[in-house]
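Heads up: the structure comes next, in C-alpha cells.
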Number of protein chains: 2
Amino acid sequence: MDRKITINDVAEKAGVSRQTISRVLNNKGDVNETTRKRVLRIIEELDFQPSMQARSMVTRKTNTIALLIPDITNPFFSEIVRGIDRTVRATNINVLLFSTDEEVSREVSCIQLAQNYNVDGIILCSPRLDEINLRKLISSKLPVVLLNREIAEMNKVYSIIVDAQTGGYTAAKYLLDLGHRSIGILVGPAYADSSVKRLIGYKKALSDYAVPLDESLILHIDHQHDKIHENTQLLVKRNATAILAYNDMTAAKIIQSCTEMGLEVPKDISVIGFDGIPISRLVNPRLTTMDLPLYEMGEMIANTLMKMINGEETHTKLTVVLPLLKVGQSTRAIT
Amino acid sequence: MDRKITINDVAEKAGVSRQTISRVLNNKGDVNETTRKRVLRIIEELDFQPSMQARSMVTRKTNTIALLIPDITNPFFSEIVRGIDRTVRATNINVLLFSTDEEVSREVSCIQLAQNYNVDGIILCSPRLDEINLRKLISSKLPVVLLNREIAEMNKVYSIIVDAQTGGYTAAKYLLDLGHRSIGILVGPAYADSSVKRLIGYKKALSDYAVPLDESLILHIDHQHDKIHENTQLLVKRNATAILAYNDMTAAKIIQSCTEMGLEVPKDISVIGFDGIPISRLVNPRLTTMDLPLYEMGEMIANTLMKMINGEETHTKLTVVLPLLKVGQSTRAIT
DNA sequence: TTGTAAGCGTTATCAA
DNA sequence: TTGATAACGCTTACAA
C-alpha cells in the first residue's frame, strides 16, 4: 500500500531537513544552488505533490474561490464563468463550482460549504437569497462579489449589475420607433429584481410614446416550467405585433412557436432578445437583442474579487452594465 | 481582529473537550443527549464552520472531485457537467472545475493541481493529452473516469465514449437513403479520435452504397478558428448537396452561411448536426442531428466515479454511447 | 545556508 | 460517556 509522498520523504531522500524542501518549493530564503538542484531532481523523481490542505492550514490561503450560480447550462452564466475562470487562472486561483438551481435552501448550504472550504473569496449570483442570509455572509470577513444583486449600505461588497431598466426601455423604445404599438413582454419571475426593473423601463417607454399600457401583454415566466409556447400564443391572440423576450433563449423559442403557428418573424411579428449570447447570432432570423459583454463581465468580477482578496482598496463598489441594442433580423418596422 | 472560530472555541464555551464536539459534529460515538443539545446550540451561536482542510488532513477524504473539460461554454460539456453536478451533490461531494481550452500544457498542470488538492477522484475529458501523462495519472491511486478517451490494458480506469463511427455511419447512411450522393463532411481536428472514427463511419456508408469517395468533400476544422463560413463555401462550390457537421453549433453556423449564400436549407442543401444539444431544437430549421443523452452521460460518469471512490468494484470498464438519429427539418430527400 | 520546534484545526486511538 | 494525546503535512519563526 503506497502512501502519498510527503515533504518528509523528499527530505529524507535528499538528506536535508524538510524545511529546506519547503524553501525550494516556495523559492523563499536562501538555498545552496547544488542542494536546490538535487532537491528539485528528487521531487521530480518521487513525483512529490505538496498537499494544499496542509499548506492552507498554515498559510490561511486556499487559492480557491467559490462560484455560486443557478445553472451552468445557461449560456448567460457559462460565458461569465469562462471570463472568471480565464482571469483567475492567471493568478493560480481555482474555482469551486456550486450550481444552485436557484433553490434558496441549496444556496444557503452552498455558502456554508464554501466557508467550510475556507475559500479566499466568493462570487454569488442568487436573485432569491433572503437578505438576512446575504447580510450574514457579507458581514463575515470573506470577500464577496455579487452578480445582479444590489444591497444597500454595505460597503464591504462589490456588485456588478445589468441595467435592466434601461435595457427594457431601449428595447421597447426601439420597437416603438419601428411603429409597434402593441408590444408584448415576457419577463422572468416577479421576485427577481431584473424583472421588475425591466418592466419599469418598458412602461416608461410606452408612456413616453403615449401608448396606453395593456397589462394583459405582460407575462411572467418561471425558471423551471417556462411555457413559452402557451405564452406566445396568448400574446399573439392579444394582437401583439412585437415581443420583448426574457432572454435570447426565450426569444429563440418564441420564434419557433410563431413559426409553428404559421407566423413569420419578422414579417408578421417582431421579436427581440436579451443578453446577446453566441446563439443569438445563430438562430434564424438572427436575433435583435440587448447585448451584454458577458465574458468581460466575468473578467471584471474576477479582477475585483482578486483585489479584495489581496486586501487592496477598491474604489468601485458597483458596476452597472448597460445592455446595448444590437439590431438583427428578428425585428422590422410596422407598415 | 476576529480569528475564525475553531472547534476549541466551541469546546471551551461548552465546557467539554474538543473530542466531544467532534463526536457531535460527526454523529460518532455516544454523547450525552443534554451535552449534545448544548453543543449544537453553541455551534449555532458561534456560527462555527468546521475546517475541511483540517478534517481532510486526518480523514484523507476531501469530498471533492476534479472536473477537467476543454470549455464550459460548449453546451456539449455544460449539459454533461450539469448531470455530474446534480448527481454528486446528493453525496455531499463538490466539484472543482478546471477549464483547459484543450491546451495540453494546461491539462498537465491541472491534473497536478487536482492532485495537490487531494481530490477524491477526477473526471477527465482531454482528447489531446499524451499517453505518457495519461498513464501516469491512471497509475496513481486516484480514481479516474475518462470522457471520450479510451486507453488500452488499463483496468483501473473507466471510460465513457461516444460511438463516433456508428454515428458517422448512421448520419451518412440517412443522407444516402435520402438520395444524396455528394455529401460533405466537416469533422474536428485530425488528432481527435472522434474525428477519425467519424470519418471511418462516413466512408463505410459511402462504400456500402457504392458511392466513390471524394476526398475534397472532407474538411477538418480547428477548435479555435473554425472558419465554418469558408469551409461551407468550399463544400458548396464542390457541389455537396448535404453536409455532415462536426456538431450542432457548427451545423447552425453552416445553415447560416448557406443562407448568406442564398441557399435554402433543406431545399437546396441538407445539413445534419451532432450531439443533440438543446439549441438543435431552437434553430430554424430545426436540426436533424445525432442525438446523445448528455445529461444521463453525466449521471453515469458521476455514479461510476463515486463507486470507484467508495472502493466498490465496478464491472463496467467502458460505456459506449450510441448516437441516435433524430430527424428534424434541416434535411430532405433529393429529387 | 541549514536545522529545530511549534503550530494550523481536525479526527483516531486509547485510556479513564 | 468523556478526555488526553498523537497524528495528518506543511510553513513560520527562530536558532545555529
Side-chain angles (χ1 to χ4, degrees), chain A residues 1-40 42-43 46-64 112-113 115-120 141, chain B residues 1-40 42-43 46-64 112-113 115-120 141:
Chain A
M1 200 60 199
D2 45 354
R3 305 162 18 290
K4 209 175 181 307
I5 304 292
T6 77
I7 200 173
N8 293 311
D9 301 322
V10 180
E12 191 175 350
K13 184 146 181 183
V16 292
S17 79
R18 69 162 169 259
Q19 178 50 23
T20 303
I21 312 298
S22 176
R23 285 195 185 95
V24 173
L25 242 36
N26 301 294
N27 286 317
K28 238 177 195 173
D30 298 315
V31 178
N32 180 295
E33 199 46 36
T34 329
T35 319
R36 147 172 273 111
K37 289 253 171 64
R38 183 156 40 94
V39 167
L40 284 174
I42 292 176
I43 286 176
L46 297 178
D47 192 24
F48 165 61
Q49 310 276 4
S51 154
M52 299 210 72
Q53 274 80 12
R55 185 174 284 177
S56 303
M57 286 210 62
V58 22
T59 61
R60 310 185 148 288
K61 273 269 186 188
T62 51
N63 289 324
T64 308
Q112 272 223 10
L113 261 175
Q115 289 175 305
N116 293 165
Y117 270 97
N118 292 313
V119 293
D120 297 336
K141 351 161 218 330
Chain B
M1 201 58 200
D2 45 355
R3 300 159 27 286
K4 210 174 182 304
I5 303 291
T6 77
I7 200 172
N8 291 311
D9 301 321
V10 181
E12 191 175 349
K13 184 148 184 180
V16 292
S17 79
R18 66 162 170 261
Q19 184 48 246
T20 302
I21 311 298
S22 176
R23 286 195 183 95
V24 173
L25 243 33
N26 301 294
N27 285 316
K28 238 178 194 171
D30 298 315
V31 177
N32 180 295
E33 198 47 34
T34 329
T35 319
R36 146 172 274 112
K37 288 253 171 63
R38 184 157 40 93
V39 167
L40 284 174
I42 292 176
I43 287 177
L46 297 178
D47 191 24
F48 165 60
Q49 310 276 5
S51 153
M52 300 210 72
Q53 274 81 9
R55 185 175 283 175
S56 301
M57 286 211 60
V58 22
T59 60
R60 310 185 147 289
K61 274 268 188 187
T62 51
N63 289 324
T64 308
Q112 273 221 11
L113 262 174
Q115 289 176 305
N116 293 166
Y117 271 97
N118 293 313
V119 293
D120 297 335
K141 346 154 224 334

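Throughout, protein chains are lettered first and strands after them, A, B, ... in sequence-line order, and every chain is numbered starting at 1.
Taken from NZ in Lys4(A) to CG in Asp47(A), the straight-line distance is 8.5 Å, to the nearest 0.5 Å. Separation of atoms CE (Met52(A)) and OG (Ser56(B)) is listed at 12.5 Å; rounding is to 0.5 Å. Here the CD-NZ distance, from Gln115(A) to Lys141(A), works out to 8.0 Å after rounding to the nearest 0.5 Å. To the nearest 0.5 Å, atom CZ of residue Phe48(B) and atom CD1 of residue Ile43(B) are 6.5 Å apart.
Across its full length, the helix from dT1(C)-dA16(D) to dA16(C)-dT1(D) shows an angle of 40° between the axes of its 5 terminal pairs at either end, rounded to 10 degrees.
In this structure, Ser56(A) reaches neither bases nor backbone, as no heavy-atom distance under 4.0 Å exists between it and the strands shown.
Thr35(B) and Val31(B) make their closest contact through CB-CG1, 4.1 Å (heavy atoms, listed as atom of the first residue, atom of the second, distance).
Residues of residues 18-32 of chain B that place a heavy atom closer than 4.0 Å to DNA chain D, in numerical order, are Arg18(B), Gln19(B), Thr20(B), Arg23(B), Asp30(B), Val31(B), Asn32(B).
Think of the region where chain B sits on DNA chain C: with heavy atoms and a 4.0 Å cut, that region ends 5' and 3' at dG9(C) to dT13(C). With a heavy-atom cut-off of 4.0 Å to chain B, the contacted part of DNA chain D has its first and last nucleotide at dT1(D) to dG9(D).
Checking Val16(B) against Ala54(B), the closest nucleotide of DNA chain D that is more toward the 5' end is the one next to Val16(B). Nearest-nucleotide assignment on DNA chain C puts the 5′-proximal partner with Arg36(A), out of Arg36(A) and Ile5(B). Mapping Glu33(B) and Thr59(A) onto DNA chain D by nearest heavy atom places Glu33(B) closer to the 5' end of the strand.
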> Could you walk me through whether Asn26(A) and Arg55(A) pass the side-chain contact (heavy atoms from CB on, under 4.5 Å) check?
Replying inline: CA-CA 11 Å; Asn26(A) 301 294; Arg55(A) 185 174 284 177; 4.1 Å; yes
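Residues Ile42(A) and Ile21(A) are not in side-chain contact: their nearest non-hydrogen atoms beyond the backbone lie 4.5 Å or more apart. Using a 4.5 Å heavy-atom threshold, the side chains of Leu40(B) and Lys37(B) count as separate. Using a 4.5 Å heavy-atom threshold, the side chains of Asn118(B) and Met57(B) count as separate.
For Lys61(B), there are no salt bridge (Lys or Arg N to Asp or Glu O under 4.0 Å) partners two or more places apart in sequence or in a different chain. For Arg18(B), the side chain to side chain donor-acceptor pair (under 3.5 Å) test picks out Asn8(B), with sequence neighbours left out.
With Gln53(A) contributing its side chain and Tyr117(B) its backbone, the two residues share a donor-acceptor pair below 3.5 Å. The backbone N or O of Gln49(B) lies less than 3.5 Å from no partner atom in the side chain of Asn116(A), so there is not a single donor-acceptor pair.
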